[in-house]
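Every heavy atom of this structure was used, including side-chain atoms; hydrogens, water molecules and symmetry mates were not.
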Amino acid sequence: MSNKVTDQIDDILKKISTITRKMNWPDLPVDLKPPIGDFALVCFPAAKILKQSPLDIATKIALEIKDIKKIISAEPEKGYCNVVINWNDITIDVINEINNDSYAKTNGKIEKILIEHTSANPTGPFHMGRARNPIIGDSIARLLQYYGHNVETEYYVNDTGRQAATLAFGLSNYETKNKGKVDHELVEAYRNASKLLEEEIDVKEQIYRKMEEIEGGNTKVLKEVKESAKRMLQGMKVSLKRLGAEANNYYHESDLIANGKVEEVIKNLKKCGICKEENGAYYLDLEKENIAGRNQKFFFTRKNGLSLYTTRDIAYHLHKFKRYDKALNVLGEDHRLQSKLLGIALRELDSKEPIGLFYSFVNLPGGKMSTRAGRVVYLDDIMEMIVELAKKKLDETDLNKETKNDLAENIGIGSLRYNILKVQAEKGFTFNIEDALNLQGDSAPFAMYSHARAAAILRNYGKDIPRMKLNEKLSDSEIKLLRTLSKWPDTIQRAVTNLSIHYIPNYTHELASNFNQFYRDCPVVGNNNESLRINLVSASKKILNISLGILGVKAPDRM
RNA sequence: GGGCCUGUAGCCUAGCCUGGAAGGGCGUCUGGCUUCUAACCAGAAGAUCCAGGGUUCGAAUCCCUGCAGGCCCGCCA
C-alpha cells in the first residue's frame, strides 16, 4: 500500500488496540483485504473468550471506535467490523506519493539480471504452442526493470545438435526465392531435409557426420550451422519485434564449443566427487538426490567423449554468471527436470544457479498442437488476424489512416499479450481464438480506453496540472479509485517476489474499471473539486500507462 | 510404475504462499449516449470451490487419501 495509507491504518490500529485493552478485550485480528472498506476487525476468535456473539462484539467495537478522527465509518456486519479510513485527510499526500518517481520501486539492492526467454530452436516460424515464452519473458523483464533492477534479455540459439545439422544440410543447397517472410520460406528447406533424413540413408549419414563435426569443434562446420541458424532467425526476429518481445542479445550455442568453454566444463565436471564413468561416457551420479523418484545418471559426455546439450547448457550458465548477478530462465514445463539437474551440476561446480520460471503449453481446443498432424497455428497468423480485427473496429472512427493503422497494431498485439499474461503461468492454457479476438471486458483495449479517456479529460482541461486543493469531501468512486491506486506498490512487490506476471493485468483491469466508475460519477472539468480531480486523473493515467507498459501494451491518448 | 504442475458458475479466470464475508471477464437477459470518448456504465440470472477425511471458533486456502487432465523420467535437443 502507499506509505501514507499504511501509516494511517497503523495509527488507527494502535488506537483500537488501546481501546480494546481498556475494555479488557483480546486484540481483534485485522483483515487488510476486506470486501468492503479499508480494513476489517475479525470478531470470531474473541467470541469464545468474551462469551458473546461475533455480531455483538462487532457492534460494540464499532460504537467504541467510530469517533476516532481518522475513521469515516465503522460498520458491523456478520462477525466483522468494517472500517473506512478518512481519505479526505490524506488524499493530497497519497496523490503526491503516487506522482513521485520512486513510487512502487525498490529501495533495496539493484541487481544485474539476465532473463533468458524464448530460445526456440531456429528451425521455423514460431507457433502458438510456446507463445507464452517470449510474452512472459519480455514482461517479466519490463517488470524487473521498472522495479529498479538492471535487466537484459537473451535468446539462446540452439545451433548445434541434430536439428541444427539438419537445417544446415537443408539450407546448403537452397536458393532463396525472397518470397514472403524468411522463416516461413526457409522452413520448407528444413522440412525437406528432415524428410530426407528419415528416408535416405546417405543423407542420414551426412547429417550425423555434421553433428559429430559440430560437437568435435570443426570450425568450418560450426560456422556453417551458426550462419544457417542466423538466416532462419532473421525471419523469427521479425515476429518477436512485432510482438514487442525481441531479446537484447542472441547467444549462439555453437560459440560455446568454438571457444573451448564446453571442453573446460567437461574437464571440471570429471573432478567432481560424484562423477562416474560407464563405457567411456561420463555422468554425475545423483543417487543421493533421488530425483523424480529414481536414481539419476546425469550424463555429460557421450561414450566418444563429445558433449551433450546439457553440457553446453552448463557452460552457458557459467558464462551467464560471469556477466550477471542473477539469471532467470523462462521455460516450458517440459524443462523442469532438466532445469533441476542443471542446478545440481552448477552447484557441484560452485556456481550460482538460475531461477526457473515455468509455464504450461498452449493447446488448441481440439487438443495438442502438433507439427506432424498439421495442427499448428503460427504466431504470425494470429498476430495478423487480431490486428485486422482491431482495424475493422476502428473503421467507424474518424482518425486518419496512419493513426488508425498504428492504433490497430497496438490494440491487436496488446490484446494478444494481455490475453496470455492474465493467466497464471502454471495453468494449462487452451488458446481459444474467439476469446483472443474478443476485445472487451478484461482485455487490453479496456484499459487502453480508460487511459484514452483520462488523456481526453486532461486535453479538455488544457492547462498544466494544478496544485491540489480539497474543496469538497471525496465521493465513494474517488475513494475506490484512490484505494486501488494505493495498492500499486503491493502489486509490484508481489509480482516481483513471486515472478508472477498475471498480477499486473489483474491489477490493471481493476484500476481501469475503477477509473471508469469515477468517470461516470465525477465530472472533472469545471467541478468544485476540479484541481483535486485533475490530479487524480493524472495519477490514474500515470499508473495505467506504467502497468500497460509492463505488459508491453502501448497506452494511446485517443482511440 | 515414479516425480512435478493444474482442477473454482455453460465457458475463461482471480483468490491458495501468510485460513476470516467466493472477486472479475465471456456468453445470456434488462436498462442507459443533447452533459470531459458507450471498445463504457448500471442491474438480473448463474458456484455441492474435483471427491472423501483431518486440523480449526472458522478451510477454496493448511495436512492426509483418492480421482481427472497436462508435463517429464534418453550417451535426444
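Between A:Y316 and A:Y156, the ring centre distance stays below 6.0 Å. In this structure, the ring of A:Y80 has its center less than 6.0 angstrom from the ring center of A:F44. Checked against the 6.0 Å centroid threshold, A:H509 and A:F446 count as a close aromatic pair.
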Could you go through A:F298 and A:Y283, starting from their C-alpha distance and side-chain angles, then the distance that decides it, and tell me whether this counts as ring-ring contact (aromatic ring centres under 6.0 Å, His included)? CA-CA 5 Å; A:F298 183 36; A:Y283 65 93; 9.8 Å; no
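Residue contacts for A:K48: at a heavy-atom cut-off of 4.0 Å it reaches the sugar-phosphate backbone alone, with no base atom in range. Residue contacts shown for A:I411 include a base, since a base heavy atom lies under 4.0 Å away. Heavy atoms of A:E278 sit under 4.0 angstrom from at least one base atom. Contact annotation for A:E510: no contact, since no heavy-atom pair falls under 4.0 Å across all strands. Across all strands shown, A:S450 has no heavy atoms under 4.0 Å from either base or sugar-phosphate atoms. Among the atoms of the strands shown, none is found under 4.0 Å from any heavy atom of A:N304. At the heavy-atom level, A:D557 lies under 4.0 Å from base atoms of the strands shown.
With both ends at atom P, the span from B:rU30 to B:rA68 equals 43 Å, rounded to whole Å. A distance of about 8 Å separates the C1' atoms of B:rG19 and B:rG58, rounded to the whole Å.
Rounded to a whole Å, the CZ atom of A:F300 is 18 Å from the P atom of B:rG74.
The partner of B:rU55 is absent, by the rule that a Watson-Crick or G-U pair needs both atom distances under 3.5 Å. Pair assignment for B:rA9: none, as no Watson-Crick or G-U wobble contacts are both less than 3.5 Å. Look at B:rG1: its Watson-Crick or wobble partner, with both distances under 3.5 angstrom, is B:rC73.
Contact between the side-chain N/O atoms of A:K340 and the OP1/OP2 oxygens of B:rG3 is not found at any separation under 4.0 Å. Between A:N527 and B:rC36 there is no side-chain N or O to OP1 or OP2 distance below 4.0 Å. Between A:N432 and B:rC12 there is no side-chain N or O to OP1 or OP2 distance below 4.0 Å. For B:rA77, the OP1/OP2 oxygens have no side-chain nitrogen or oxygen of A:Y309 closer than 4.0 Å. Look at A:H335 and you won't find any side-chain N or O under 4.0 angstrom from OP1 or OP2 of B:rC4.
Both stacking criteria are satisfied for A:Y80 over the base of B:rA21: a centre-to-centre distance under 5.5 angstrom and an angle between ring planes under 30 degrees.
Taking for each of A:Q424 and A:K297 the nucleotide of RNA chain B with the nearest heavy atom, the 5'-most of the two is the partner of A:Q424.
For the pair A:K487 and A:Y507, the cation-pi test (distance below 6.0 Å, angle within 45°) is failed.
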